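Note sheet for the following structure.
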Amino acid sequence: MKSLVGGGGARLLTTILFALHLRWGSGACPCQDPELCNPMSSPKDFEVFVFDVGGKTWRNYNWSQITTVATFGKYDPELMCYAHSKGSRVVLKGDISVKKIVDPVIRAAWISQQIDLAKTQYMDGINLDIEQQIIPFSPEYYALTALVKETTDAFHKEIPGSQVTFDVPWSPECIDKRCYNYTGIADSCDFVFVMSYDEQSQVWSQCIARANAPYNQTLAGYDNYTFMGINPKKLVMGVPWYGYDYTCRNLSKTHTCSIEKIPFRGAPCSDAVGRQVPYKIVMTQVNSSLSGILWDEEQKAPYLEYKDSEGVFHQVWFDDPRSISLKAAYVKKHGLRGIGMWNANCLEYSGSSEAQRQTEAMWEALLPK
Ligand SMILES: *[C@@H]1O[C@H](CO)[C@@H](O)[C@H](O)[C@H]1NC(C)=O
Ligand SMILES: *[C@@H]1O[C@H](CO)[C@@H](O)[C@H](O)[C@H]1NC(C)=O
Ligand SMILES: *[C@@H]1O[C@H](CO)[C@@H](O)[C@H](O)[C@H]1NC(C)=O
Ligand SMILES: *[C@@H]1O[C@H](CO)[C@@H](O)[C@H](O)[C@H]1NC(C)=O
Ligand SMILES: *[C@@H]1O[C@H](CO)[C@@H](O)[C@H](O)[C@H]1NC(C)=O
Ligand SMILES: *[C@@H]1O[C@H](CO)[C@@H](O)[C@H](O)[C@H]1NC(C)=O
């Protein structure tokens with residue numbers, strides 16, 4: 001009995017279930033209205049690109065704004081049907097080892113697998129989130145651009161109107177040793193999503209807590225992407241709906257929080273010592289904090305300070321409607337394709353009326369005034 005459950009029996013059962021799943025998936029549309037399984041292909045001019053990491057919080061998103069949801073959680077057919085009913089696209093997450101894609105045969109097989117998956121799940125494209133290190137002009141460097149081009153061509157052909165996008169770091173300067181052909185990649189897909197956050201992943205100067213996405217540093221990244229020849233209409237600005245909680249080795253009266261030195265991809269100091277915290281958690285800390293919400297004029301970012309149960313000081317850097325709308329103004333001024341966030345699940349969708357107001361304000365801050 002034991003061996004049946006633990007061994008071949010379980011495997012056989014898994015195989016049968018998997019086969020059934022495939023049959024259901026490629027056959028019946030899971031939506032009440034079968035029309036909702038058709039690909040979404042009439043995008044609005046302004047893109048609001050949303051990352052969802054799973055669960056059911058999507059029910060409370062501000063759907064009047066959303067154009068695309070990139071699903072990084074488990075496949076949820078209900079989300080797909082709902083998004084389509086609101087005229088929004090739903091796209092897969094795509095990631096593969098850059099060592100493997102050097103072989104064109106492996107690339108082609110992977111792409112065809114993604115297309116099958118997208119068709120089975122009635123998805124409208126794919127977001128390539130490949131954050132691996134690449135040496136400039138290495139075989140992987142060329143293979144990555146080829147992967148993006150081949151994926152885009154295949155999706156556009158196989159699923160008419162579908163969307164292929166690629167996630168790039170906040171600046172094209174080999175951030176975290178991701179030296180990619182950014183112009184080639186942007187040319188080869190519908191648009192790139194610029195991850196304007198984790199901007200302290202490599203700190204070469206003083207090892208202190210700083211903003212996740214300082215205003216000037218963020219905008220300089222976009223200036224450089226456009227300066228290298230990328231059309232602003234190929235750029236979607238990504239803003240963080242999370243912050244970093246740093247444990248201070250020492251917190252000065254002038255709010256300088258010195259942090260432990262942990263190296264990252266060649267830099268001596270990094271935000272890797274911080275703990276990522278969703279906006280909704282930061283908001284619950286405001287009243288009990290030592291400081292309330294402070295504002296750093298140089299980085300144009302809010303932060304707060306508190307003492308933990310062991311008496312150790314913490315500094316928490318985050319983004320709020322004030323810092324986000326400043327960045328969103330750049331989107332309009334420079335004619336970028338749109339805006340989006342990592343990630344939509346970070347807000348409180350079921351709390352007090354105060355929390356709900358904060359959540360609405362975060363959605364509203366995305367729309368450039
Ligand atoms: C980037 O990719 C494009 C398109 O494949 C190519 O024409 C260009 O030469 C590449 N640039 C560099 C610097 O590798
Ligand atoms: C922008 O480009 C300039 C010139 O190459 C470089 O010095 C600067 O570090 C870059 N800044 C960012 C944020 O990419
Ligand atoms: C902490 O900061 C205070 C005031 O800025 C300074 O006098 C002290 O030397 C610092 N301590 C450490 C361990 O860095
Ligand atoms: C924080 O304090 C303000 C002002 O006293 C109050 O209105 C609000 O409800 C408090 N928020 C929380 C989450 O306790
Ligand atoms: C930010 O950029 C503006 C415009 O380039 C410049 O005038 C300002 O001094 C910069 N601020 C900081 C804090 O670097
Ligand atoms: C959704 O966003 C729009 C635009 O900011 C706003 O007018 C609307 O009230 C929001 N809806 C909800 C339910 O918050």
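What you see is a predicted model, and the numbers here were worked out from it, not measured in a lab. Counting convention: from 1, in listed order, for ligands and their atoms alike.
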- Is Cys37 close enough to Cys81 that their SG atoms are under 2.5 Å apart? no
- N/O to N/O below 3.5 Å, does that happen between Trp170 and ligand 2? no
- Is Asp176 salt-bridged to Arg178, cutoff N-O under 4.0 Å? yes
- Determine whether more than 12 heavy atoms belonging to other residues, nucleotides or ligands lie under 6.0 Å from atom CD1 of Ile135. no
- Minimum side-chain heavy-atom gap Glu199-Pro214 below 4.5 Å: yes
- Query: Taking Thr71 as the fixed residue, which of Asn127, Val90, Val91 is the one that meets the side-chain contact (heavy atoms from CB on, under 4.5 Å) rule?
  - Reply: Val90
Can you give me a line-by-line list of nitrogen or oxygen pairs between ligand 5 and the protein shorter than 3.5 Å?
{"residue": "ligand 5", "atom": "2 (O)", "partner": "Asn216", "partner atom": "OD1", "Å": "3.2"}
{"residue": "ligand 5", "atom": "2 (O)", "partner": "Asn216", "partner atom": "ND2", "Å": "2.4"}
{"residue": "ligand 5", "atom": "11 (N)", "partner": "Asn216", "partner atom": "ND2", "Å": "2.7"}
{"residue": "ligand 5", "atom": "14 (O)", "partner": "Asn216", "partner atom": "ND2", "Å": "3.1"}

- Can an N or O of Asn181 be found at a distance shorter than 3.5 Å from an N or O of ligand 1? yes
- Item | Criterion salt bridge (Lys or Arg N to Asp or Glu O under 4.0 Å) on Asp76 and Lys56, from CA distance to verdict | CA-CA 9 Å; Asp76 181 351; Lys56 291 290 182 188; 2.9 Å; yes
- Task: Indicate yes or no: does Arg210 engage Asp296 in a salt bridge with an N to O separation below 4.0 Å.
- Result: no
- dist Glu348:CD -> Asn60:CG (nearest 0.5 Å) comes out at 10.0 Å
- Message: Could you tell me, atom by atom, which parts of ligand 1 come under 4.0 Å of a heavy atom of Gly184?
- Response: 1 (C), 2 (O), 3 (C)
- Task: Pull out every atom of ligand 1 sitting under 4.0 Å from any heavy atom of Tyr141, numbered as shown with elements.
- Result: 12 (C), 13 (C), 14 (O)
- Message: Check for me whether Phe227 has a heavy atom closer than 4.0 Å to any atom of ligand 2.
- Response: no
